[in-house]
Amino acid sequence: MIETQWITPINTMMLASISILLYPLMADTLFKTSMKMQARTAVKYAFFSTLATLIMFINLGMEINTTHINLISSTNFNVGLSFKFDYFTLMFCPTALFVTWSIMDFAKWYMAHDQEVNKFFKYLLIFLLAMLTLVSSNNLFQLFIGWEGVGIMSFLLIGWWRTRGEANTASMQAIIYNRLGDIGFILTLAWTGTNVASWELDQLFMLKPFDTLPLLALVLAAAAKSAQFGMHPWLLGAMEGPTPVSALLHSSTMVVAGIFLLIRLHPMMEDNELTRTTCLLLGAISTFMTAMCALTQNDIKKIIALSTASQLGLMMTTIGLNQPNLAFLHMCLHAFFKSKLFICSGIISHNLSNEQDIRKMGGIHKTMPITSSCFTIGNLALAGIPFMTGFYSKDAIIETMNSSTLNLGALLLTMAATVMTAAYTTRLIFLVQTGPPRHYPMQKITEDKTLSNAILRLSLGSIAIGPISAMTLDQTQTLPTTVTTLIKLSALGATMMGIFVSLIFIHKNKQNRPQKNNLSTFSNMLTFYSSLTHRSPTTHLLKKAQKVSTTLNDATWYEYSVPKFFSKTQLKMSKALSFLAQGKVKTYLAVFTMSLMTLIILTT
Amino acid sequence: MLKIIIPTIFLLPVILLSNPKSTWMNFFINNLLISATSLTILKPQINTEWKFSSPYTGLDHISSPLLVLTTWLLPLMTLASQNSLKKEPYERKQLFLITLTLLQTFLLGAFCATDLALFYIMFEATLIPTLIIITRWGNQPERLNAGMYFLFYTLTASLPLLIALLTLYNLNNTLLITILHFLPQNTNPPSTSFFLWGACMMAFLVKMPLYGLHLWLPKAHVEAPIAGSMVLAAILLKLGGYGIIRTITMLTPMTKTMSIPFITLSLWGVVMTSLICLRQTDLKSLIAYSSVSHMGLVTAASLIHTEWSLTGAIILMVAHGLVSSALFCLSNFNYERINNRTLLLVRSMQLIMPLLSTWWLLFNLLNMALPPTINLMGELLIITAMFNWSPPTILITGAGVVLTACYSLHMFLTTQHSKFSNHLASMQMTNTREHLLMSLHMIPMVLLMFKPELVWSGTY
């Protein structure tokens, strides 16, 4: 079946396309100006070459593992640089590269006035490379390299405007949440290192059943990276970075890394009931909570960020359903429309003098026709309107869920989240694009040509990739063959309900004055999660750090119990003895002779 | 071995007889030659046989990475202290270099000694030049106090070691490291073994330093001149780890129970010192406490003494040696420019010195053990070994990992990012010497990243 002569081309082409991306990073220092290549050109070339590989893969359908360099070798433990080019890698790489290509076009326009725009592009490229390392690695150590790589690059990119305090705080927040997740990853590394004595994925998959501890640790790692409920605040903080960063971070790098980890390591956890239930419930809660928060937000970037968190929750639920292929499909399709939504929102707000409040927009469809139509397409795809890209994965997920016998609570939460997703996307479309313009009148609104091309490419992706992938790739997964009409229509019904409810509210709100409502404040303030968790534990910890470890222990106990104690007792002793040494020679001599005499008398 | 020690001793005539103008250059170049020669020691080998052995000296897979680290660091120390000594009279410069050379000789002696008695002598002898460096060339009056702490802490703890070594010699008629493994396990009464264990370990635990006995280290680091801080962080602390790894083999039956409180304490220290780092206002003190935190991991690893933990300990010692030394250099660059170590006064340096900011970023990332650096390899091996020893330790080591990232990046953000303050407007630019210094720290880290086997202690 497998034709061996095809192994080498796939392998070589994948590695070659990854090395194309390395070229712009090095060319600046190594070559003259004529030899330089722009980052976006490199990404474009890499996309086309990986696309060719993907086509080869679809045609032949085979996986390749290669080990190239042995990094650590010992008698019973080897860690090498090894790559895995299977369905996940070969599908994800072109997607990520395609999305990044458009994002870089956008970044060129968005960051045009930045002093260090070259550095910015290099950072984006390293970010992408770290993600590709993560995706293509065949052992846990190499995966960890990519994992930390995306973490640290997101730190640098979120804090890009470095003199702003908020940006620094947000970048720090992102790294702290990620590091909390890293504990989980390190635990898994330690566990597998001691119990399996290997970090190679294929060897790990052979061991069944797996212990629950490392698997739950993996879920922790994934939850931190993919901003599941409890670890989600950093994702909203990440909005402090430039919009291209948000677009890249939310679509094809960083946040999907956590989900990808679980997809990649799914063979380890498919038999473990507890882990799967954890994933299911965690995902359902995240998707519900974040969708609920998105309903009442007014910041355009924040709504889109929350929608990402909600979709990530959906992916997590799907993993809990034991359907990693579906989760992966949703992840890839999600990349197209999410990056597009971010780019569009960036274009809109940049054109309106960096206004991000959707209440101060409106009437955009007249002034920015291409952007607003792309924005609509992205929103519809996000809501899961039939025959848009989002539909193909979302519908399948909800259908699978409806026909499974798993947790009812998770099902209800996910359905509610679907309704709310439709509702807030409708709200976004209506408030931003229709009605009279509510922004300041004197705006210089332009639609750049390369920019329009970028979002049109992504729109094409948002419409066409769904059907194409449904036709070509879905044979690998097993879907339930028969479902009742009610279940089949439930996803669609939920979406429609969301849209209509939203329309009714928008219509009613035009006539009503804004009213104070506890529920809406609760949702608007993001369920008060960060206000509750960020203030008190950190203050507490830092207070403890100051009072207990610094002042009490180091400056007082350790200081006074050893050095100061000895010096004090020594001082006392020397003071006590010093009255004897006052230079009274006569007395000394008298004492000396007397004691000598006594001794002599006693001894004789 | 002699081809490294003798040229090091012959650095003394180089200092004394060189033309005043070219003393620094001659000294630096000779040093580099010595360290280049020593690099051959790292050649990986399959078995644990001793290399370059003579009746008194020899090297194996444990000592050779540390020895190469020592020879590598002396030229860097001279490079780093060039600017701060610029205004001193020539004789004092000579004196400084002589002290450094003597320290280097003793350190080399300590690492390549095969006899524990010789090791002890060298171990103690390093105190004198270090004390002179701290108290003579330190910047503030507090340096005298710091020197006192340094001397008394380490000396008090190491005198029992001498007695223990004499006792052991009495029992076994030998103190050769090479054959200590083969000696019969000691059959002393429990109380004797207890004191023997304590006496042997305490000297090294204070040197590491163990949390609770670490008070001398931040003081000494902060008050020492740059060369002193570098050698303290990079090598003198490692003498402790090296000593533990060497002597623990002959104390086998006791180690199992005796080491538990010390492992606990050192792991607890990892968290506590990291917390202290979060609240430090003094840049140098922050780096010093971060050393304590990293060395806590090394202490724990060398006390459990398994194959993985030993490998991890050596890797982390080498990695931490280079990184902490580089961080001290970086903080010294700031100190030389604004004469202040306070964290809040040096901000937004990326605007003024972008290239230096890149070094800050790189070394902070190394300090927080970003993969695939050897810092991570060391920490990961230690964490795995600890996890194997007792699974709940992952909570402490995990907290350590999070806090290390927090304070490393906090240090980076505060010094390099954030708002620009006007008092920094007129600042001397970075020069080639500084970048050379940083590159010489970075190059070995990068090379070791691609070939960790060089410090991977061949056998395992």
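The model shown is predicted, which means the values in this text are computed figures rather than measured ones. The basis for the numbers below is simple: all heavy atoms, side chains too, and nothing from hydrogens, waters or symmetry mates. In what follows, chains carry the letters A, B, and so on, assigned in the order in which the sequence lines appear, proteins first and then strands, with residues in each chain numbered from 1.
- Comparing B:H410, B:Q350, B:M272 by how many heavy-atom pairs each has under 4.5 Å with chain A, the most go to B:Q350.
- For residues 273-285 of chain B, a heavy-atom distance under 4.5 Å to chain A picks out B:L275, B:I276, B:L278, B:R279, B:Q280, given by residue number.
- At least one donor-acceptor pair closer than 3.5 Å links the side chain of A:N139 to the backbone N or O of A:Q142.
- By the 4.5 Å heavy-atom criterion applied to side chains, B:L403 and A:R179 are not counted as neighbours.
- Counting heavy-atom pairs closer than 4.5 Å to chain B, the top residue among A:V562, A:V548, A:D554 is A:D554.
- Side-chain contact check for B:Y407 and B:N364: no donor-acceptor pair (N or O, by modelled atom type) lies under 3.5 Å.
- The candidate from A:W557, A:F144, A:W161, A:Y558 with the greatest count of non-hydrogen atom pairs under 4.5 Å with chain B is A:Y558.
- For B:F420, the CZ atom counts as densely surrounded, since its 6.0 Å shell holds more than 12 non-hydrogen atoms of other residues, nucleotides or ligands.
- With a 4.5 Å cut-off on non-hydrogen atoms, A:I175 touches chain B through its side chain but not through its backbone.
- Annotation for A:P214 and A:W191: closest pair CG-CD2, 3.5 Å, computed over non-hydrogen atoms.
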Output, in order, the C-alpha distance, side-chain angles, deciding distance and verdict of side-chain contact (heavy atoms from CB on, under 4.5 Å) for A:Y123 and A:W160. CA-CA 10 Å; A:Y123 276 15; A:W160 178 255; 3.7 Å; yes
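- Taking 4.0 Å as the cut-off between side-chain N and carboxylate O, A:E200 and A:K84 do not count as a salt-bridged pair.
- Comparing A:P563, A:A167, A:G193 by heavy-atom pairs within less than 4.5 Å of chain B, the highest count is held by A:P563.
- For A:N195, no part sits under 4.5 Å from any heavy atom of chain B, backbone or side chain.
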Under 3.5 Å, which donor-acceptor pairs link side chains of residues 373-388 of chain B to any protein atom two or more places apart or in another chain?
{"from": "B:T373", "atom 1": "OG1", "to": "B:L370", "atom 2": "O", "distance (Å)": "2.5"}
{"from": "B:N375", "atom 1": "ND2", "to": "B:L366", "atom 2": "O", "distance (Å)": "3.0"}
{"from": "B:T384", "atom 1": "OG1", "to": "B:L380", "atom 2": "O", "distance (Å)": "2.6"}

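- For the pair A:K568 and A:F565, the cation-pi test (distance below 6.0 Å, angle within 45°) is failed.
- Judged by distance alone, the side chain of A:W199 and the main-chain N or O of A:L189 form a donor-acceptor pair under 3.5 Å.
- Contact of B:L409 with chain A is made through backbone and side chain together, with heavy-atom distances under 4.5 Å.
- At a 4.5 Å heavy-atom cutoff, the contact between A:K543 and chain B is made by backbone atoms alone.
- Scored by the side-chain contact (heavy atoms from CB on, under 4.5 Å) test, B:L159 finds B:Y120 as partners (sequence neighbours excluded).
- Between the side chains of B:T393 and B:S390, no donor-acceptor pair is found at a separation under 3.5 Å.
- Looking only at heavy-atom pairs under 4.5 Å with chain A, the residue among B:M148, B:R347, B:M368 that has the most is B:M368.
- Residues of residues 146-157 of chain A that come closer than 4.5 Å to chain B, counting heavy atoms only, are A:E148, A:I152, A:F155, A:L156, ordered by residue number.
- Closest heavy-atom contact between A:I158 and A:A174: CD1-CB, 3.9 Å.
- Considering only heavy atoms from C-beta on, B:S348 stays 4.5 Å or farther from B:Q416 through its side chain.
- Neither the backbone nor the side chain of B:F152 comes within less than 4.5 Å of any heavy atom of chain A.
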